[in-house]
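Not measured: the values here are computed from a predicted model. Positions are given from 1 along the sequence.
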Amino acid sequence: MLSIFLLIPLSLMLFVVAIWAVRYAVKSNQFEDLDNASQRIILDDRQERRQVIQAQENVTPIQEVKEVSATTSIEKESNKLNNADIAATPLSDTDKNSKT
């Protein structure tokens with residue numbers, strides 16, 4: 001009997017919170033345009049891709065050379081780090097047997 005005095009007000013408060021949450025969602029237009037929301041992500045990606053392609057077409061040759069040289073120096077550093085990681089990793093027993 002004592003638990004009913006606790007559970008009834010608790011359930012009423014939960015009910016009021018649920019009603020408020022649904023009303024807030026409706027007022028803030030959360031349920032508008034349910035059909036196109038899934039397509040919006042794809043369309044945004046296409047638009048960003050078009051902007052990147054247009055930006056690359058507008059790049060001058062000097063900027064391309066600078067970008068390529070910066071990319072190659074970064075790639076060289078990452079290759080050095082990868083080679084150091086590979087050299088530092090010990091071989092397992094199966095690797096040792098396969099190499100002999």
Side-chain angles (χ1 to χ4, degrees):
M1 186 70 176
L2 184 62
S3 63
I4 290 178
F5 291 128
L6 176 68
L7 291 176
I8 289 176
L10 190 64
S11 64
L12 289 176
M13 286 183 358
L14 185 62
F15 179 72
V16 168
V17 169
I19 294 292
W20 176 82
V22 169
R23 187 171 179 199
Y24 175 78
V26 169
K27 281 190 170 188
S28 64
N29 297 326
Q30 295 291 322
F31 299 111
E32 295 294 322
D33 195 20
L34 294 175
D35 297 329
N36 294 330
S38 60
Q39 296 174 1
R40 193 175 312 138
I41 296 171
I42 297 170
L43 296 176
D44 288 344
D45 287 345
R46 288 181 183 167
Q47 184 178 5
E48 287 178 21
R49 195 175 313 135
R50 283 189 203 116
Q51 290 173 353
V52 168
I53 290 171
Q54 288 175 353
Q56 287 176 351
E57 290 174 354
N58 295 335
V59 172
T60 61
I62 295 172
Q63 289 176 338
E64 287 180 5
V65 171
K66 287 181 182 178
E67 290 175 1
V68 169
S69 64
T71 304
T72 55
S73 63
I74 292 171
E75 288 175 354
K76 288 178 185 177
E77 290 297 321
S78 66
N79 286 339
K80 287 179 185 177
L81 292 174
N82 288 338
N83 291 338
D85 288 342
I86 292 171
T89 55
L91 294 175
S92 64
D93 292 334
T94 56
D95 292 335
K96 290 177 185 176
N97 292 337
S98 65
K99 289 198 176 200
T100 57

- request: For Ile53, check side chain to side chain contact (heavy atoms under 4.5 Å, CB included) against everything at least two apart and list the hits.
  value: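 In terms of side chain to side chain contact (heavy atoms under 4.5 Å, CB included), with neighbours along the sequence ignored, Ile53 is linked to Arg49, Glu57.
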
task: With sequence neighbours excluded, tell me which residues meet side chain to side chain contact (heavy atoms under 4.5 Å, CB included) with Glu32.
output: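 Partners of Glu32 under the side chain to side chain contact (heavy atoms under 4.5 Å, CB included) test: Asn29.
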
message: Under 4.5 Å side-chain heavy-atom separation, chaining through any Ile, Leu, Val, Met, Phe, Trp or Tyr, what else clusters with Leu12? Say none if it is isolated.
response: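 Under the 4.5 Å side-chain rule, Leu12 groups with Ile4, Ile8.
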
All pairs passing ring-ring contact (aromatic ring centres under 6.0 Å, His included) where residues 12-33 contributes a residue, at least two apart: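 Listed once each, the pairs are Trp20-Tyr24.
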
